[in-house]
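These notes concern the structure reproduced below.
Just the heavy atoms: all of them, side chains too, but no hydrogens, waters or symmetry mates, feed the values below. Chain identifiers are assigned alphabetically (A, B, ...) following the order of the sequence lines, protein sequences preceding nucleic acid strands; residue numbering begins at 1 within each chain.
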Amino acid sequence: MFQTPTGAPCAMIDSLIAGFGEALTLWNLLFIAAGITLGIVIGVIPGLGSVTALAVLIPVTYYMSPLAAIAFLVGVNKGGTSGGAVPAILLNSPGTPEAAATALDGYPMAKRGESLRALKFALYSSVTGDTISDVLLIVLVVPFAAVALQFGPLEYTAVLLFAFALLAGISGDSPIKGLLAIALGVFLSTLGLDPVDGSQRMVFNEVNLYDGLPLISIAVGALAMASVLGQIFDLWRGGERRGSKEEYARVRTRLPAREFFGHWKTIGRSALIGSGVGMLPGLGVTLAAFLSYGAARRASKTPESFGKGNPEGIIATEAANSAVVGANLVPTIALGVPGNIAAALLIGAFIIHGIVPGPFMLQQHGELIYALFASMLMANGVHLLIGRIGIPLWATIARTPRAVILPPVLVLCIVGVYLPNQSLFGVGVMLVFAGLGLVMQRLGFSVVCLVIGFLLGGMLENSLRQSLRLYRADITAVFDSPIAIAFLALTVIILVRAIRRV
Amino acid sequence: MMNLAPNRVAAAAAVTALACGLAAPALAEYPDKPVTLIIPYKAGGSTETMGRIYSKALGTALGARVIVRTRPGAGGAVGATEVAKKKPDGYTLLFAASVTLLWPPLTQKVEYTADSFTYIGQVTDYQMALIAKADAPFNTMKELVAHAKKNSLSYADQGAMQRAFIDYIGVREGVKWIGIPTKGGGEMVPFLLGGKVNFAWSGGVHQRYGNKMKVLLSFNKGRLAASPKAPSMPELYGVSMPSHALIAGPKGMDPAVVAKISAAMKTATADPAFVGLMKNKLRFPINYVGSKELTADIEKTTEGLKQVVKATQK
């Protein structure tokens with residue numbers, strides 16, 4: 001078998017120190033700071049989250065070095081995830097679904113005059129949860145990659161089916177609708193040249209379609225643009241409904257570190273829940289936030305105080321949703337299978353910069369990965385600093401009318417999709433998917449399922465067809481692989497449970 | 001970084017043509033404006049890295065700015081189509097692997113053929129080989145074929161052309177083996193070292209794995225510099241894979257302009273930054289070949305490709 005670049009723990013620490021040496025440059029710090037600031041700004045805008053932030057900002061990184069680009073995007077992801085807490089607390093309108101649970105206790109706190117304290121609770125929890133998750137990532141990724149080397153096409157096929165089942169089980173109105181959206185995504189992924197014999201499938205002699213539909217167009221169109229368009233329609237129909245003019249007297253503003261860390265049990269539990277969810281492919285940040293909120297309420301001595309301004313509610317949500325950010329890079333780096341949409345967009349960015357995620361990424365780009373880990377740890381410090389200093393600024397942005405903010409975001413979507421290939425074809429595809437995304441949203445189909453189905457569909461076809469050829473289409477090959485059996489069994493159990501619940 | 005939009009380049013070309021009068025030898029002073037070098041692959045790959053560094057040296061040697069533009073898609077066919085349709089004035093050139101120009105016209109529906117281009121010069125050869133794990137129970141092609149007659153073998157390929165060539169060997173030797181498609185060297189390596197496949201096609205990644213892999217055959221015209229003991233495909237089967245990394249322009253370029261670019265290419269291949277990249281990072285041997293020799297070689301390679309397609313595709 002092969003050696004992973006770091007055999008012993010001390011070797012890992014050496015690599016990490018070398019990573020810090022590589023990552024600790026002024027430029028890199030500037031890019032991280034820029035990424036976090038932009039991420040928070042976009043996250044603070046109600047309705048936009050880390051996915052939109054990533055989708056819009058990836059094209060900006062084409063002209064950076066790989067490390068700066070990835071560090072920048074990780075910063076965007078961190079900032080975008082934590083920024084959603086600001087409008088949740090101040091306006092009771094969460095910037096992102098993952099911050100929805102933050103509003104439950106954050107908004108009552110703000111009404112009590114403790115808005116600054118609530119914002120600080122949110123920020124400190126985000127940074128702490130994120131740091132715990134980053135440490136877990138660094139510790140776990142090497143053993144995980146070693147296990148991943150045992151993964152052949154058959155095992156990948158089983159894992160991908162498992163991811164689809166998990167995803168369908170938790171999203172949208174019903175698992176059936178989730179499965180339908182995934183199936184549509186998988187179907188769309190089959191456009192283009194056949195991966196085995198290179199024959200043309202549904203390309204209609206359009207050379208732009210030979211590589212299939214462009215992922216970035218679908219992601220930006222169906223996720224970012226559809227959500228922005230949806231909000232614009234709502235504004236047009238109903239006018240702006242915001243509690244934005246409410247200002248509350250500030251009664252308590254201070255939050256001493258000792259008081260914050262007095263909640264260490266909740267912080268730790270939430271970070272672990274967030275990391276656990278983040279490591280499973282296909283599960284989202286939103287799920288982590290709600291699971292963690294529920295767990296905190298159950299563990300609390302005063303569960304009735306939740307929803308009335310208990311800071312534990314904020315801690316549980318924010319620590320968990322930020323903890324997903326680091327942990328979802330474990331399957332991303334080790335398997336090349338993204339944990340969620342944000343990680344999927346990161347994979348796209350990795351590939352653009354010549355790095356192919358998967359078990360060999362650590363071997364071939366070990367220095368870069370450890371520099372990335374170092375950047376992530378540094379980004380947490382930067383995040384704390386910028387987040388803390390910027391609190392008054394974020395509050396102002398959260399109160400800016402959406403009518404002012406949404407149109408420029410639309411323009412950014414178009415420019416972002418046009419730039420990488422400088423082709424209007426991608427822009428056209430994006431517009432089609434913006435329309436499709438809007439319709440799906442209104443009908444209760446999960447757009448996330450569609451995009452993940454599309455993204456993993458190509459991988460599924462590749463692995464499945466590799467397995468069929470490799471084992472000469474002999475179904476009994478499955479029984480020789482315990483990993484495949486385990487994942488296929490889990491898939492069946494999850495699907496049966498999800499469908500019986502309906 | 002600024003990239004000129006193609007239509008602006010075209011507009012500028014039109015204006016120049018008008019200003020010089022249509023009959024005047026406008027190319028006498030080539031190049032009098034920036035040259036666009038299209039690389040039809042995604043940023044970050046070895047050809048793109050090579051092209052970017054090379055373009056700087058080429059610009060210096062040519063005495064003009066060379067602007068690199070990536071136009072990825074369909075394994076390079078999108079960018080190749082674009083260049084094939086451009087005016088053959090020497091201001092739009094293509095930096096690509098010859099495979100991109102020769103293989104798609106034979107097997108897919110594309111809007112160009114191998115004859116749609118003027119072949120200006122070659123820069124290097126990709127190091128393509130048939131490889132096996134170091135402890136595989138065969139050391140030569142002969143032993144591999146003998147092994148395949150007794151066992152059902154699988155191999156990892158990275159595209160339809162590679163599969164066609166390996167199946168062509170199968171046809172010639174009277175054995176059948178099954179190709180497993182993999183996406184690039186990053187996926188092929190775990191398949192080979194993890195024992196999922198018996199042998200594999202490699203585009204050069206094996207050079208980084210030293211004694212973990214062995215080379216049985218060179219798919220190039222000649223033997224590989226790093227593995228001189230392994231025979232080349234023409235020695236055994238009379239055909240070779242297109243291995244050239246080259247610069248081409250649209251069909252019908254002025255021979256004087258071709259000669260000028262070709263000469264600049266020769267100078268540029270000696271550029272220290274380019275030599276350093278090739279030697280230390282990519283490990284491809286620099287192999288400059290001029291227009292005339294390259295065109296003849298391309299013709300010969302195309303004949304071989306047709307033979308392979310005929311034998312393997314029904």
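Look at A:Arg465 and A:Asp194 and you find a salt bridge, because one of the NZ, NE, NH1 or NH2 atoms lies within 4.0 Å of a carboxylate O, short of that distance. A salt bridge does not link B:Arg69 with B:Glu48: every distance from a Lys NZ or Arg NE/NH1/NH2 to an Asp or Glu carboxylate oxygen is 4.0 Å or more.
Under a cut-off of 6.0 angstrom, the local environment of NZ in B:Lys56 is sparse, with at most 12 non-hydrogen atoms contributed by other residues, nucleotides or ligands. The number of heavy-atom neighbours closer than 6.0 Å to CD of B:Gln207, taken from other residues, nucleotides and ligands shown, is above 12.
Only the side chain of A:Arg472 comes within contact range of chain B, judged by heavy atoms closer than 4.5 Å.
Between chain A and the residues B:Ala164, B:Ser154, B:Ala156, B:Gly159, the largest count of heavy-atom pairs under 4.5 Å involves B:Ser154. Per-residue heavy-atom pair counts under 4.5 Å with chain B were compared for A:Gly212, A:Pro153, A:Ser467, A:Pro66, and the maximum is reached by A:Pro153. Ranked by non-hydrogen atom pairs under 4.5 Å with chain A, the options B:Gly195, B:Ala77, B:Ser152 are led by B:Ser152.
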